[in-house]
Amino acid sequence: MAEKIRVMLSEEEVDAKIKEIGEQISKDYAGRQVHLVCVLKGGSFFMCELAKRITVPVSLDFMSVSSYGSETKSSGVVKIVKDLDEPLKGKDVIVIEDIVDSGRTLSYLMEMLKDRGPASLRLCTLLDKPDRRVVDVHVDYTGFQIPDEFVVGYGLDYDQKYRNLPYIGVVELGE
């Protein structure tokens, strides 16, 4: 089966939106340090670009949570593949995600992280697909709301391909 990628959001559009989110986070956390928790692998591209645009002190950590495998739809089974290296107690934490889809993974993750005692806990996503939501998740910083299409690029993948595209594209499966 061959895939074709159609551009949904250009590199310029994505870059401008990340700059805007970075400015908002910098205002919201003025005078404080923010601890970014990247959800791997997809969130890494977004987090690196976002961190460069935040003007308050930033620290970083990474975790890997899986609910997809090699499918295009969430399996609903959440598995922590790599946990954080540092404790969250007393930190102002922003979880950085590439996309919020069904909400299952993020709902589970946010509850788990809240139990670790951060001073504050917020969620930031590059992409939000509200039409796919089955579990309510509050997103504090959203780049783009998108329709229910399977997207790749800027860290998002289809079976580990297309993460390195500098734009957000839609996967169109052909014969």
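- Side-chain atoms of Asp140 and His138 form a donor-acceptor pair, as typed in the model, at a separation below 3.5 Å.
- The structure places OG1 of Thr55 at 13.5 Å from OH of Tyr29, a figure rounded to the nearest 0.5 Å.
- The side-chain heavy atoms of Glu13 and Leu9, taken from C-beta on, include a pair separated by under 4.5 Å.
- Val134 and Val137 fall into different hydrophobic clusters, where Ile, Leu, Val, Met, Phe, Trp and Tyr are joined by side-chain heavy atoms under 4.5 Å apart, directly or via other members.
- With a 4.5 Å cut-off on side-chain heavy atoms, Leu88 and Val37 count as touching.
- Test Leu127, Asp98, Val152, Ile99 against Ile168 for side chain to side chain contact (heavy atoms under 4.5 Å, CB included) and you get one pass: Leu127.
- Distance OH/Tyr167 to CE/Met8: 12.5 Å, rounded to 0.5 Å.
- Within a 6.0 Å radius of CG in Asp115, other residues, nucleotides and ligands contribute more than 12 heavy atoms.
- The shortest distance between side-chain heavy atoms of Ile54 and Leu36 falls below 4.5 Å.
- Smallest separation of non-hydrogen atoms from Ser44 and Cys38: N-SG, 3.4 Å.
- For Lys17 and Phe144, the positive end sits near the middle of the six-membered ring, less than 6.0 Å away and at most 45° from its axis.
- Between atom CD of residue Glu111 and atom CG of residue Leu121 there is a gap of 9.0 Å, rounded to the nearest 0.5 Å.
- When all heavy atoms of Phe46 and Leu126 are compared, the closest pair comes out as CE2-N, 3.3 Å.
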For a side chain to side chain contact (heavy atoms under 4.5 Å, CB included) check, start with the C-alpha distance between Ile94 and His35, then their side-chain angles and the critical distance, and finish with the verdict.
CA-CA 6 Å; Ile94 303 176; His35 186 69; over 6 Å; no
Could you give me the CA-CA distance, side-chain angles and deciding distance for Asp15 and Arg53, then say whether side chain to side chain contact (heavy atoms under 4.5 Å, CB included) is met?
CA-CA 10 Å; Asp15 191 56; Arg53 290 163 174 84; 2.5 Å; yes
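- Remark: Lys129 does not engage Glu149 in a salt bridge, criterion side-chain N to carboxylate O under 4.0 Å.
- Proximity of a side-chain donor or acceptor of Ser26 to a complementary backbone N or O of Gly22 within less than 3.5 Å is detected.
- Separating the CE atom in Met110 from the CZ atom in Arg122 is a distance of 10.5 Å, to the nearest 0.5 Å.
- To the nearest 0.5 Å, atoms CG (Leu113) and CG (Leu84) are separated by 6.0 Å.
- Gly90 and Ala119 get closest at one heavy-atom pair: O-CB, 3.4 Å.
- A 4.5 Å side-chain heavy-atom check between Gln145 and Pro130 finds at least one atom pair inside the cut-off.
- For Arg133, the salt bridge (charged side-chain N to carboxylate O under 4.0 Å, His left out) criterion is met by Asp128, not counting sequence neighbours.
- Between the side chains of Tyr162 and Glu3, at least one donor N or O sits under 3.5 Å from an acceptor N or O.
- Shown here for Val171 and Tyr158, the closest heavy-atom pair between the two residues is CG2-CB, 4.3 Å.
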Test side chain to side chain contact (heavy atoms under 4.5 Å, CB included) applied to Val39 and Ile96, step by step
CA-CA 6 Å; Val39 181; Ile96 307 296; over 6 Å; no
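- For Ser107 (side chain) and Val135 (main-chain N/O), no donor-acceptor pair under 3.5 Å exists by modelled atom type.
- Annotation for Pro166 and Tyr154: closest pair O-CD1, 3.6 Å, computed over non-hydrogen atoms.
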Report the C-alpha separation of Asp61 and Lys91 in whole Å, then their side-chain angles, then the decisive distance to 0.1 Å, and conclude whether the salt bridge (charged side-chain N to carboxylate O under 4.0 Å, His left out) test is met.
CA-CA 12 Å; Asp61 206 345; Lys91 294 180 181 178; over 6 Å; no
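- For the atom pair Thr142 OG1 and Ile21 CD1, the distance stands at 7.5 Å (nearest 0.5 Å).
- Using a 4.5 Å cut-off on side-chain heavy atoms (C-beta onward), Leu50 and Ile25 make contact.
- When all heavy atoms of Leu60 and Ala51 are compared, the closest pair comes out as CD2-CB, 4.4 Å.
- Annotation: salt bridge (charged side-chain N to carboxylate O under 4.0 Å, His left out) contacts of Glu23 (sequence neighbours excluded): Lys19.
- With a 4.5 Å cut-off on side-chain heavy atoms, Lys4 and Glu172 count as touching.
- Remark: the backbone N or O of Gly155 is paired with a side-chain donor or acceptor of Arg163 at under 3.5 angstrom.
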Do Ile80 and Tyr108 pass the side chain to side chain contact (heavy atoms under 4.5 Å, CB included) test, and can you show the C-alpha distance, the side-chain angles, and the key distance before you say yes or no?
CA-CA 10 Å; Ile80 295 181; Tyr108 174 86; 4.3 Å; yes
